[in-house]
Amino acid sequence: MTHSRIAGTGSYLPTKILSNKDLETMVDTTDEWIFTRTGIRERHIAAPDELTSDLATAAAKNAIESAGINVDEIDLIIVATTTPDKIFPSVATMVQKKIGASNCPAFDIQAVCSGFVYGISIASNFIKAGASKCVLVIGADTFSRITDYTDRSNCILWGDGAGAIILQASQEQGVISTHIHADGNFETMLHVPRKDNGTDTVMMEGSAVFRMAVNTLDQIVDETLAANNMQKSDIDWLVPHQANVRILQATAKKLDMSMDKVVVTVDKHGNTSAASIPLALDTAVRDGRIKRGEVLLMEAFGGGFTWGSALVRY
Ligand code: UT7
């Protein structure tokens with residue numbers, strides 16, 4: 001059977017930083033409240049002329065370089081995003097143009113914060129089916145463009161960024177299993193309703209979403225371990241979606257894992273939606289924490305609701 005492995009990782013963050021102190025001048029909040037309730041200190045914000053596809057392209061170039069492949073080897077591009085440059089064409093086709101990867105299929109997927117886990121799932125199944133050999137999977141979002149900076153319960157959370165991996169066909173097992181779910185019944189607890197004037201922004205019932213996220217991620221941990229007959233101690237690293245450090249702590253507790261085995265970037269990145277897992281992965285690969293052969297559990301929960309996990313031997 002053909003397996004798939006992560007051949008390289010990359011990421012990109014816009015230059016501008018929005019700190020909690022900056023937010024204190026914009027809404028009725030404090031650095032202390034934000035840090036205590038979320039673990040966030042700062043987040044990056046895209047420049048006015050910087051598109052989601054620009055962030056995605058920069059991350060993709062880093063991943064291609066780290067994998068040591070030629071652009072022509074890429075035979076599928078998947079971008080997980082909720083904030084495309086335009087309604088169409090897809091961000092994936094814009095990335096294809098910008099990196100010069102002509103004539104491979106390219107499409108976006110929209111599973112909000114779970115988008116990257118959905119992306120790995122789709123890519124590894126394309127590889128398993130023999131339809132692809134070298135897939136560029138990107139998570140990229142510019143949530144600052146759909147954030148209401150007068151809503152203090154919401155605007156403190158989001159940041160912009162992009163992360164990418166090259167997933168290649170391999171004889172060795174890299175992706176061990178993926179598990180993806182959705183339940184549209186919770187539509188209005190976390191959504192961006194359409195407004196007539198075009199100023200569509202994120203609306204979230206924060207505390208209710210928080211509770212759902214913790215409980216659902218508990219279940220996805222059980223599901224992933226049971227599917228592979230594995231124990232909690234078999235996981236070397238938790239590489240979670242970065243929504244709130246208190247959610248990360250709850251999942252670490254469920255795994256009997258100390259926080260130094262959890263890749264935490266929410267303090268510096270905020271919640272970058274589909275970009276958060278590949279950004280965290282690339283951060284910990286590049287700083288030498290995550291090493292080849294180690295087992296990583298990636299998991300996410302987001303709007304829809306959608307949720308899922310990917311268990312990967314790096
Ligand atoms: O990535 C997709 C999934 N998303 C998530 O998982 C996010 C889940 N939710 C959360 O992370 C948290 O619910 C929030 C960070 C959004 C909010 O934290 P919370 O501990 O649930 O606070 P809360 O909404 O229950 O509000 C507590 C209090 C309220 O005041 P009262 O009613 O107790 O007087 C809020 O008005 O905190 C107040 N508050 C703030 N105070 C200062 C809300 N936002 C702020 C703020 N600064 N920015």
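Note that ligands are numbered from 1 as they come in the structure, with each ligand's atoms numbered from 1 the same way.
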(request) Return a yes/no value: protein heavy atom under 4.0 Å from atom 7 (C) of ligand 1? (result) yes
(message) Could you check whether any side-chain heavy atom of Ile176 comes within less than 4.5 Å of a side-chain heavy atom of Arg313, counting everything from C-beta outward?
(response) yes
(request) Given side chain to side chain contact (heavy atoms under 4.5 Å, CB included), test Thr216 with His181 step by step and report yes or no. (result) CA-CA 10 Å; Thr216 311; His181 298 275; over 6 Å; no
(message) Taking CG in Asn197 as the centre, count heavy atoms belonging to other residues, nucleotides or ligands within less than 6.0 Å. Is the count above 12?
(response) yes
(message) Between Ile156 and Asn20, is there a side-chain heavy-atom distance shorter than 4.5 Å?
(response) no
(request) If you have a sec, work out which protein heavy atom is nearest atom 15 (C) of ligand 1 and how many Å separate them, to one decimal? (result) Thr38 CG2, 3.5 Å
(message) Using a 3.5 Å cut-off on N or O atoms only, is Arg152 in polar contact with ligand 1?
(response) yes
(message) Ile34 versus ligand 1: do any nitrogen or oxygen atoms come within less than 3.5 Å of each other?
(response) no
(message) How far is atom 16 (C) of ligand 1 from the closest protein heavy atom, and which atom is that?
(response) Ser153 O, 3.7 Å
(message) Is there a polar contact, in the sense of an N or O pair closer than 3.5 Å, between Ser207 and ligand 1?
(response) yes
(message) Within the 3.5 Å criterion, strictly below it, is a donor on Thr283 or Thr265 matched to an acceptor on the partner's side chain?
(response) no
(message) Do Ser19 and Asp22 pair up side chain to side chain, a donor and an acceptor below 3.5 Å, judged on atom types alone?
(response) yes
(request) May I ask you to check whether His3 and Ser170 show a side-chain donor-acceptor distance below 3.5 Å? (result) no
(request) Evaluate whether atom CG of Asn103 has more than 12 neighbouring non-hydrogen atoms of other residues, nucleotides or ligands under 6.0 angstrom away. (result) no
(request) Considering the heavy atoms of Ala243, write down every atom of ligand 1 situated less than 4.0 Å from one of them. (result) 1 (O), 5 (C), 6 (O)
(request) Kindly confirm or rule out an N or O of Trp158 lying under 3.5 angstrom from an N or O of ligand 1. (result) no
(request) Taking atom types as modelled, find out whether Ser11 and Asp282 have a side-chain donor-acceptor pair closer than 3.5 angstrom. (result) yes
(message) Checking contacts now, so for atom 21 (O) of ligand 1, which I'm interested in, is there any protein heavy atom under 4.0 Å?
(response) yes
(message) Take a 6.0 Å sphere around CD of Glu187 and say whether it holds more than 12 heavy atoms from other residues, nucleotides or ligands.
(response) no
(request) List every atom of ligand 1 that sits less than 4.0 Å from any heavy atom of Cys113, numbering the atoms from 1 in the order shown and giving each element. (result) 1 (O), 2 (C)
(message) If you scan the protein for heavy atoms around atom 32 (O) of ligand 1, do you find one that is closer than 4.0 Å?
(response) no
(request) Check each atom of ligand 1 against the heavy atoms of Ile247 and keep those under 4.0 Å away; list them by number with element. (result) 6 (O)
(message) Closer than 4.0 Å to some heavy atom of Gly206 - which atoms of ligand 1 meet that?
(response) 8 (C), 9 (N), 13 (O)
(message) Can you name the atoms of ligand 1, numbered from 1 with element, that are less than 4.0 Å from a heavy atom of Met204?
(response) 4 (N), 7 (C)
(request) Report the part of Thr29 in contact with ligand 1, treating N, CA, C, O as backbone and CB onward as side chain, heavy atoms under 4.0 Å; options are side chain, backbone, both, neither. (result) both
(request) Measure from the side-chain N and O atoms of Glu42 to the backbone N and O of Ile40, and report whether any donor-acceptor pair falls under 3.5 Å. (result) no
(request) Starting from atom 11 (O) of ligand 1, find the nearest protein heavy-atom neighbour and note its residue, name and distance. (result) Asn244 ND2, 2.7 Å
(request) Could you tell me whether the side chains of Thr81 and Asp141 share a donor-acceptor contact shorter than 3.5 Å? (result) yes
(request) Specify whether Trp158 and Phe143 have parallel, tilted or perpendicular ring planes, treating 30° as the upper limit for parallel and 60° as the lower limit for perpendicular. (result) tilted
(message) Would you say atom 47 (N) of ligand 1 makes contact with the protein, given that contact here means a non-hydrogen protein atom less than 4.0 Å away?
(response) yes
(message) With a heavy-atom distance limit of 4.0 Å, tell me whether Trp33 approaches ligand 1 through its side chain, its backbone, both, or neither.
(response) side chain
(message) As a test of the contact definition, would atom 44 (N) of ligand 1 count as having a protein heavy-atom neighbour under 4.0 Å?
(response) yes
(request) Check ligand 1 against Arg37 and write out every atom of the ligand that is under 4.0 Å from a heavy-atom position of the residue. (result) 20 (O)
(message) Taking a cutoff of less than 4.0 Å between a non-hydrogen atom of the residue and any ligand atom, is Asn271 in contact with ligand 1?
(response) yes
